[in-house]
2 protein chains.
Amino acid sequence: MREGPDIALIGALIGDPARANMLTALMSGKALTASELALEGGVTAQTASSHLTRLESAGLIARRRQGRHSYFTLGDAEVGDLLEAMMGLAAKRGHLRTRTGPKDPALRKARVCYNHLAGEKGVRMFDSLMAAGYLIEREELTLTRVGEEFMTDLGIDLDRLSSPRRPLCKSCLDWSARRSHLAGALGEALLDHFIDTGWARREVGSRIVRFTRVGEVAFDRLFPVAEAA
Amino acid sequence: MREGPDIALIGALIGDPARANMLTALMSGKALTASELALEGGVTAQTASSHLTRLESAGLIARRRQGRHSYFTLGDAEVGDLLEAMMGLAAKRGHLRTRTGPKDPALRKARVCYNHLAGEKGVRMFDSLMAAGYLIEREELTLTRVGEEFMTDLGIDLDRLSSPRRPLCKSCLDWSARRSHLAGALGEALLDHFIDTGWARREVGSRIVRFTRVGEVAFDRLFPVAEAA
DNA sequence: GGAATGGTTCGATTATGATCGAACTATGAG
DNA sequence: CTCATAGTTCGATCATAATCGAACCATTCC
């Protein structure tokens with residue numbers, strides 16, 4: 001093993017795509033479980049476990065065991081600041097887009113994040129719900145009265161979703177768009193809804209969500225987005 | 001090849017020991033040649049060349065060809081700030097490497113961070129400027145009216161420093177003290193001023209800034225710090 | 001008490017990329 | 001022109017560490 005300054009250790013930790021995705025997911029500030037992070041990182045649970053152990057022992061993340069779950073958060077605010085700074089640099093020099101495989105555009109457009117919709121479509125839905133006043137962000141993300149009506153009209157049974165353990169609404173940071181999208185029981189129910197109605201279907205063996213022609217039109221009409229005035 | 005967010009690219013670049021050593025060497029602010037950097041990185045010229053090309057194309061360093069030499073510097077001040085922040089994190093969780101050589105106390109006391117003053121002296125100056133009301137932190141760090149007077153009295157030409165692209169004042173996190181110090185055009189000008197007036201000089205081949213006896217006294221008088229009441 | 005689920009450990013495989021030798025280009029010196 | 005030095009390119013080698021299958025622990029549910 002060669003000698004290197006400490007920044008190499010940190011850099012190498014952040015430098016692995018799986019770990020970088022996990023860390024990015026944690027930038028939302030919410031605690032995530034090991035399996036959620038495995039999905040975010042695009043790796044299996046075993047692999048994720050080893051990554052998480054390494055990140056923890058370097059202090060980049062913190063682990064809190066609760067029952068049979070392990071919840072992870074960023075180590076402290078300074079870690080978040082560092083990641084933010086790196087994103088800033090990366091964005092500035094954004095001309096190095098290599099390896100844009102054919103899968104990429106589809107993944108960026110719509111994909112599954114754990115069990116809910118992520119990607120451009122997910123962000124669009126979130127923005128639209130916020131703009132319409134259906135969702136508001138207080139301490140937690142909550143569905144307003146009119147929002148409840150909207151969901152019920154869609155055919156979503158909110159009563160069945162409510163659970164003392166699992167939050168109805170959660171925001172989740174989108175790594176490709178770096179914007180929030182909707183997670184939680186409602187986020188899951190909505191994605192299921194889109195699948196059930198045939199607006200979209202999941203591509204087997206990948207995280208891609210493919211919208212049908214009519215599905216996309218209906219989706220975009222249902223979740224309008226304010227154009228520049 | 002797997003998909004990863006942009007921060008993974010930057011992380012991976014910094015994550016290699018040879019490259020990390022090169023970048024650390026460049027933190028002195030001096031331009032170094034390819035072979036000097038090869039030595040700093042502990043690799044042969046061929047290997048260094050490939051590293052340098054990659055760092056350049058990511059914008060982390062800049063290359064200036066001159067005769068048969070290639071001179072390299074950090075891409076810009078923001079890169080220096082990022083490295084500084086990573087060193088801070090690394091130092092905090094520094095269970096692996098102390099190597100507190102004889103150089104360390106001097107480095108901790110005063111050193112160059114890209115182009116401005118860091119270390120205890122840098123932090124002291126920053127605190128003093130804040131306490132005196134010369135600097136205030138609003139959205140951005142800004143120099144107040146009285147602060148402008150103070151700088152002008154010191155002999156610093158603020159007009160010459162103002163630029164639409166580069167912020168006059170920026171705070172930069174100090175890794176040894178874990179406190180902010182002053183970066184930006186003004187930070188650079190102040191360090192230059194201390195060198196010009198003979199209060200301090202830079203040690204060759206390192207980041208250490210050494211204050212002369214009289215320089216230190218003058219500096220401490222110019223930037224008083226509130227003792228505990 | 002199972003059974004199911006979330007998480008971790010172990011071992012073997014594999015892919016990435018760091019590395020250097022050797023050959024090549026370009027600038028400068030005598 | 002010849003030689004020396006600085007830097008880069010190419011190709012082959014090799015080490016690191018990311019990955020997953022499988023087995024194993026721990027907690028909760030029934």
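Per chain, numbering begins at 1; letters A, B, ... match sequence-line order.
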Listed partners of B:R210 passing salt bridge (charged side-chain N to carboxylate O under 4.0 Å, His left out), at least two apart: B:E203
Any idea which of [options] is nearest the [X] side chain?
X: B:A34; options: C:dG7, D:dA6, D:dT8; value: D:dT8
X: A:T44; options: D:dT8, D:dC20, C:dT19; value: D:dC20
X: A:V43; options: C:dG7, D:dT19, D:dT9; value: D:dT19
X: B:H69; options: D:dA6, D:dT8, C:dT19; value: D:dA6
X: B:S35; options: C:dG7, D:dC20, D:dA6; value: D:dA6

What residue among B:D76, B:L13, B:T73, B:L52 forms side-chain contact (heavy atoms from CB on, under 4.5 Å) with B:I61?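 Going through B:D76, B:L13, B:T73, B:L52 one by one, the side-chain contact (heavy atoms from CB on, under 4.5 Å) with B:I61 is satisfied by B:L52 alone.
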Could you check A:L129, A:L191, A:L158 and say which one makes a side-chain contact (heavy atoms from CB on, under 4.5 Å) with A:L186? A:L158
Strictly under 4.0 angstrom, non-hydrogen atoms only: write out the protein contact profile of nucleotides 23-30 of chain C, one letter per nucleotide from the 5' end, B, S or -. ----BS--
Touch class at under 4.0 angstrom, heavy-atom based, for B:S70 against every strand present: sugar-phosphate
Output every pair passing salt bridge (charged side-chain N to carboxylate O under 4.0 Å, His left out) with a member in residues 147-157 of chain A, not counting sequence neighbours, ordered by first then second residue. none
Indicate whether OP1 or OP2 belonging to C:dA18 is found under 4.0 Å from a side-chain N or O atom of B:T47. no
Has A:D6 got a side-chain atom pairing as donor or acceptor with A:L9's backbone, closer than 3.5 angstrom?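 Not at all, since once roles are kept as given, no pair shorter than 3.5 Å links the two residues.
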